[in-house]
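Here is the structure we will look at.
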2 protein chains.
Amino acid sequence: MSLVRIYECLCDETRLRIVQLLTRGPLCVCHLQAVLEVPQARVSQHLAYLRDRGMVGCRRRGTWMIYSLPEKPGAELASHLACLQDCSVSDKRFRADLRKLKAIGSDCAPAGATT
Amino acid sequence: MSLVRIYECLCDETRLRIVQLLTRGPLCVCHLQAVLEVPQARVSQHLAYLRDRGMVGCRRRGTWMIYSLPEKPGAELASHLACLQDCSVSDKRFRADLRKLKAIGSDCAPAGATT
DNA sequence: GACGAATATTCGTTCATGCGAATATATTGC
DNA sequence: GCAATATATTCGCATGAACGAATATTCGTC
């Protein structure tokens, strides 16, 4: 994944928030949508953009789709994701997103599935 | 300088090469143009883009304009520029650009000005 | 003043991007 | 089979970006 490709993926606020959230672990579309508070179609469109460029991968779990960052990113991507993660610590918007994620519950289980 | 703004500046190949070169020190437009081997107007347009967004600053020296990265970047920008510099070490295109820069002479002095 | 060199800007064209609206598709439970 | 839920995709629109061509501006020298 080239440097330009990495920056293309991150130069939009919605995609940046998605990738920031995914640095904390895989997430499903409905959780991403709940945290970002944007229309579902927009989340899907940006996920498709990221998927097309190899920034995220996905796997199905029933009707849910779980998105995650690459397990084996190249050196450049790993380096930039680490850098982004460092910077996100002081990013107010990201901290707010994290609080929302914690409030929702980030185990990506269907509501009511717990026993 | 926001993260998105940083990525917007770097998500184009010409601007990326410009910033990569500037991580090694200030440069004038004619040196940048000689290394990048693109039309002068294009270099100027991308420099204007970067300048408008605070990614570079410039000062005149006679008819020459010397461009440089911010002396006091914010934490995010500093972090990303360091990351970019790390990644550039293994970037073939950047190494080629550096060789050209060395061949040209990177002191930004007018030709024949040496004594 | 004119001229040359260096550089910036404007304009028009083309294309990518981001969006919303609408709709299509996949899966599960009944 | 249908309904509900989750998600993806398509279409059209508006805007910004990237570019080349042409030109304007600035500075130093004469």
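Residue numbers start from 1 in every chain, and the chains themselves are labelled A, B, ... in the order their sequence lines are given, proteins ahead of strands.
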Taking the side chain as every heavy atom from C-beta outward, state whether Leu27(A) and Ile66(A) have any pair of such atoms under 4.5 Å apart. no
In whole angstrom, what separates Leu10(B)'s CG from dA17(D)'s C1'? 15 Å
In whole angstrom, give the distance that lies between atom CD of Glu37(B) and atom P of dG20(D). 14 Å
Gln85(B): what forms a side-chain hydrogen bond (donor to acceptor under 3.5 Å, both in side chains) with it, not counting sequence neighbours? none
For the residue pair Leu3(A) and Gln20(B), establish whether any side-chain heavy-atom pair is separated by less than 4.5 Å. yes
Are any non-hydrogen side-chain atoms of Leu21(B) and Phe94(B) less than 4.5 angstrom apart? yes
Mind calculating the distance between CD (Glu13(A)) and C1' (dG16(D)) to the nearest angstrom? 17 Å
Would you call the rings of His80(A) and His80(B) parallel, tilted or perpendicular, where under 30° means parallel and over 60° means perpendicular? tilted
Could you check whether Arg59(A) gets within reach of a base, just the sugar-phosphate, or nothing at all, counting any heavy atom under 4.0 Å? nothing
Taking CH2 from Trp64(B) and P from dA5(C), how many angstroms apart are they, rounded to a whole number? 14 Å
Check whether any side-chain nitrogen or oxygen of Tyr49(B) sits under 4.0 Å from OP1 or OP2 of dT9(C), and answer yes or no. no
Starting from P on dG18(C), measure out to CG on Leu47(A) and report it in whole angstrom. 13 Å
d(CD1, Ile66(B); P, dC27(D)) in whole Å: 14 Å
Using nucleotides 19-26 of chain C, report all nitrogen or oxygen pairs with the protein that are shorter than 3.5 Å.
{"unit_1": "dC19(C)", "atom_1": "OP2", "unit_2": "His46(A)", "atom_2": "NE2", "d": "2.4"}
{"unit_1": "dG20(C)", "atom_1": "OP1", "unit_2": "Arg42(A)", "atom_2": "NH2", "d": "2.6"}
{"unit_1": "dG20(C)", "atom_1": "OP2", "unit_2": "Arg42(A)", "atom_2": "NE", "d": "2.9"}
{"unit_1": "dG20(C)", "atom_1": "OP2", "unit_2": "Arg42(A)", "atom_2": "NH2", "d": "3.0"}
{"unit_1": "dG20(C)", "atom_1": "O6", "unit_2": "Gln45(A)", "atom_2": "NE2", "d": "2.8"}

For the pair made of CG in Leu36(B) and C1' in dC19(D), what is the distance, rounded to whole Å? 15 Å
Between dG16(D) (P) and Glu8(A) (CD): distance, integer Å: 19 Å
Who pairs with Ser2(A) by side-chain contact (heavy atoms from CB on, under 4.5 Å), at least two apart in sequence or on another chain? Val4(A), Arg5(A)
